[in-house]
Amino acid sequence: MAEQKSLDKVRNIGIMAHIDAGKTTTTERVLFYTGKKHKIWEVHDGAAEMDWMEQEKERGITITSAATTCFWREYHINIIDTPWHVDFTVEVERSLRVLDGAVALLDSSQGVEPQTETVWRQADKYDVPRIIFANKMDKLGADFYMSIDSIKSRITDKGVVIQLPVGQADEFKAIIDLLKMKMYTFSWDKGIEVHEEEIPADMLEKAKTYREEMIDKVSMFDDELAEKFLAGEEPSIELIKKAIRHGTIHNNLYPILCGSALGNKWVQLVLDAVLDYLPCPLDRGTMKGVDPDDETKILERKPNDTEPVSAIAFKIATDPFVGTLTFVRIYSWVVKSGDTLYNPLTRQKERVGRLLLMHANKREEISEIHAGHICAFLGLKDTRTGHTLCDMKDQIILEKMTFPIPVIDIAIEPKTKSDQQRMGIALAKLAYEDPSFKYFSDPESNQTIIAGMGELHLEIIVDRLKREHKVEVNTGKPQVAYRETITQDAKGEGVFKRQTGGRGQFGHVLLRLEKNMEKEYEFKDEVSGGSIPKEFIPAIDKGAKETIAQGVLAWFPIINVRVVPYDGSYHDVDSSEIAFKIATYRAFKDAFMKAGPCILEPIMDVEVVTPEDYVGDVMGDLSSRRGMIQGQDKRGNAAVIRAKVPLSEMFGYTTDLRSNTQGRASSAMSFSSYEKVPDNVAKKIIDERVGAGKIKAMDAE
C-alpha cells in the first residue's frame, strides 16, 4: 500500500493545454521518470497509459479525466490528466475544482492558442496556481521568445522566465537554469541521466540579462531578496526559490520553463519546479462552505486529519470490473473503508465500500485516505459530480460546481427491440457520469434526443453506447440547441374552465413575466389576500416550469425569465392542481407573446490560423456564415483571425477550411454566449419547427 505522506509533501496537480500541445505525452514521461512505468508508450501509437479508453487510443486525444499517483524526491504527486478540448469542458471544470496547482503546456511553435486561453480563464475562476511549460522546443518552427510574447499579450503579464533553451527547433540541445546559472543536458535511456554543465559563452550574456529580470520581478514577494537586489548583493538560490514560491502560490507569478516531452529533455527539471513552486494542500488554506440549513452561514474546514470530514466528488466513472467509481478529493479527516458519510445535497447516507488509488484504469486498494489526497470510492449510490460528502453531525456544503448548457443535439433511435430496452439504462449511466450530457424525449416526434457540448462530444457518446453498453443506434443530423427568451416585462392572464356534468375544472391565473439575466428560471409568489389558495401555488410553479421546458415560439426551452403570479381566482369545488397548471400555461403564453419574445442561438468564438495567402478567403467564408470578425494578428509566419460565428453555420467548417486552404489552415471553436437570432432566420426556424396546423397538448385541453 502507498506510504502516507505529510501534507507538505503532497501535490495535487493537473496538466492543462490546447489540444495537441503534448499534454498526455508529458504525463507519460512523468510516469516513466518517477518509476511508475518501465516503458514509454507514445500517444500516436495509441498506447499511452493515461488514454485508456478505446476512443482515446484511436483519436490520440484525451476524453476523460484520468487520475494517477506517483512519487518524486519523497513527494507524493497526484496527477489528473484532463481533456482540454472544448467539447469536454465539464472534465476541465471538475478537475480544476479539486486541483491545488497546474502545469500549463504550450506548443512552442504556436505560443498561446485559443484553448490555452479558455482553460487559463477556467483556472483563474478556481484560483489555481500555475507554472508554464513551453513544450516541443525541438519542433520545426519552435520559438521560445515568441511564446513568451504571446503569454504576455494573451493570458498574463505575470509570467517570469526561469529557464532558457539552448538552441531551438532541430538545434535545441539543452536547458539553462537561471537560478543556478547552469546548463543541463540529458542523455542515456530516454534522457534519464542529467548532466550539469557551464553555460556556453555565446549564451552567457543573455542568461545574465534574463536572470536579472527574473530577480527584479520576484523580489517584490520577499523583502530580504529585494534588499539584496537593491544593494547589488548576490542572493542565495533558496531565497530566490522562496520568493518565486510565494508569488506562484498566491497567483501573482507564473514561472516559465521550457523543454521537449517527446524529446526527453525537461521532465526532471519540471518535476522539481512542481515541488518547489506549486502549493501543497496546506498552502491552499481552509476550505469554505455553507451550512445546509442556512446558506448565509459560512463554515470552514482546515486541511488536516482532525477536522470534521469534508470531501468533494469530482468525477463519476463506470468501471466494467468493479462498477461505479466516484473520484473524491478529501479536504479534512481520515476516511476509512466501511465508513458512512453524509451527502447534504441529497440528504442521504453513503457507505464507502472500498477505497482505491487509481493509476489510469488500474487500481490499488487501500484501507484509508487522509486529508489532502485524491482517491476513488466504490459503493456510493446517490452522489453526483460536485456533491459534498461530510459528517452527518457536522454538516457542510462546499462550493458547488457549475456546468455549461448543451449547445447541440441529435436524435437517436435504437436499431432493435433489445437495443431499445438497454438504451434507456445506458443513457442514464452516461448522464450520471457527465453533467454536460443531457437526454430527453421529444413530445412531438417521440424520438430520444441527446444533447452535448459539440459534435465530437456526441460522437463519443454514441460510440460509448455501442462499445461499453452494446447498444446500436441510428443517429440524425446534429441540431443547434436554440433557446427562447423575452426582451421586456409583460403581464398575462389564463383561465381554464370545464364543466362536464359532474365536478368541473376551474383555474384562473394572473402573472407577470420579467426578464432575468441572473438565472435561467426564477419563481416569485406575489399572490395575496387568498385569491389563490396556497396549496395551488406549487401547481402554478410546476405549470410554469413545464411551459419553460417545452417553449412557446418554436418549442425550444425558455431561459432568463422570472415568473411572478400576483392574482387570480378559484372555485371551492372545481379548482384543482391540473386546472391551475393549464391556466398557468395559458397565462404564461399570453404574457410571453406580449414580452417581445425572441429565439436565441449559441454563438461561438472561432479562431483560424492560416497562411497569409488565404486570409481574404477565410475572412470571406466566415462573413458568409454570419460571422463577425473580431480581429487579426500574426503568429510566426501565419495570420490569426478571430471571429464570433453562430454554431448553426459552423457544421462541416473544418472540412471546408481545409479545402479552401489546401489543408494548411486550422481552427478552434468554443462557446461564447447566446444571442438573438436575426428576424429572417427566426421566421425560418419557427416555420420549420411549428408547421401549419400543429398545436400543443395544453392548447388542446
Side-chain angles (χ1 to χ4, degrees), residues 16-23 61 83-89 92 104-124 132 134-136 139 141 143 146-156 404 407-408 453-457 480 601-675:
M16 51 188 280
H18 184 95
I19 193 167
D20 203 32
K23 177 177 51 58
I61 63 171
W84 304 94
H85 191 288
V86 66
D87 282 13
F88 306 103
T89 186
V92 181
L105 256 67
L106 306 182
D107 179 335
S108 293
S109 69
Q110 300 297 318
V112 174
E113 299 176 84
Q115 282 163 229
T116 316
E117 291 184 83
T118 300
V119 298
W120 189 272
R121 288 194 297 268
Q122 287 175 299
D124 284 341
I132 301 171
N135 191 23
K136 301 191 177 185
K139 182 180 175 182
D143 188 337
M146 175 275 291
S147 297
I148 293 171
D149 290 341
S150 72
I151 290 168
K152 186 173 182 178
S153 63
R154 304 193 67 177
I155 56 176
T156 181
V407 296
I408 186 172
M453 299 310 299
E455 290 179 271
L456 179 60
H457 188 193
V480 175
E601 64 181 339
I603 304 297
M604 312 303 285
D605 283 323
V606 178
E607 182 169 288
V608 182
V609 181
T610 177
E612 292 192 352
D613 294 349
Y614 301 103
V615 167
D617 293 337
V618 169
M619 293 178 73
D621 184 42
L622 289 172
S623 297
S624 72
R625 296 171 185 267
R626 295 196 283 128
M628 298 291 292
I629 306 298
Q630 303 294 300
Q632 179 183 339
D633 299 313
K634 287 200 66 171
R635 185 181 297 163
N637 295 323
V640 181
I641 299 166
R642 298 187 308 280
K644 290 187 180 293
V645 191
L647 175 62
S648 61
E649 304 288 346
M650 292 301 289
F651 293 132
Y653 178 70
T654 302
T655 302
D656 291 344
L657 179 66
R658 287 173 183 158
S659 175
N660 293 337
T661 62
Q662 298 182 344
R664 297 176 64 193
S666 62
S667 66
M669 181 171 67
S670 61
F671 173 72
S672 174
S673 61
Y674 268 98
E675 294 183 14

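Every value quoted in this text rests on a predicted model; they were computed, and no experiment measured them.
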- Task: May I ask you to say whether Arg154 pairs ionically with Glu607, meaning some side-chain N is under 4.0 Å from a carboxylate O?
- Result: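 Counted as a salt bridge, because a side-chain N and a carboxylate O are separated by less than 4.0 Å.
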
- Apply side chain to side chain contact (heavy atoms under 4.5 Å, CB included) to the pair Leu106 and Ile151, showing each step before the final yes or no. CA-CA 9 Å; Leu106 306 182; Ile151 290 168; 3.6 Å; yes

- Message: side chain to side chain contact (heavy atoms under 4.5 Å, CB included), that's the test. Do Ser673 and Lys644 meet it? Break it down for me.
- Response: CA-CA 10 Å; Ser673 61; Lys644 290 187 180 293; 5.8 Å; no

Got a second to check how far [X]'s [atom1] is from [Y]'s [atom2], nearest 0.5 Å?
X      : Y      : atom1 : atom2 : result
Lys139 : Asp107 : NZ    : CG    : 3.5 Å
Met650 : Met604 : CE    : CE    : 8.0 Å
Asp613 : Arg664 : CG    : CZ    : 6.0 Å
Gln630 : Leu622 : CD    : CG    : 11.0 Å
Ser153 : Ile148 : OG    : CD1   : 12.0 Å
Ile641 : Ser667 : CD1   : OG    : 11.0 Å

To check you understand the geometry: which heavy-atom pair defines the closest contact between [X] and [Y], and what is its length?
X      : Y      : answer
Met16  : Ala123 : CE-CB, 4.0 Å
Lys136 : Ser108 : O-CB, 4.0 Å
Gly111 : Met146 : N-CE, 3.9 Å
Gly454 : Ile408 : N-CG2, 3.4 Å

- Task: Show your reasoning for whether side chain to side chain contact (heavy atoms under 4.5 Å, CB included) applies to Thr661 and Asp617.
- Result: CA-CA 8 Å; Thr661 62; Asp617 293 337; over 6 Å; no

Is there a side-chain contact between [X] and [Y] (heavy atoms, below 4.5 Å)?
X      : Y      : result
Val608 : Tyr614 : no
Arg625 : Tyr653 : yes
Ser150 : Gln110 : no
Val407 : Tyr674 : yes
Val112 : Glu117 : yes
Asn660 : Val618 : no

- Does any N or O in the side chain of Ser623 come within less than 3.5 Å of the main-chain N or O of Met619, such that one atom is a donor and the other an acceptor?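 Side chain of Ser623 to backbone of Met619: a pair is present.
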
- Message: Which residue is it: Val606, Ile629, Asp605, Asp633? I am looking for the one with a side-chain contact (heavy atoms from CB on, under 4.5 Å) to Arg642.
- Response: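 The passing option is Asp633.
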
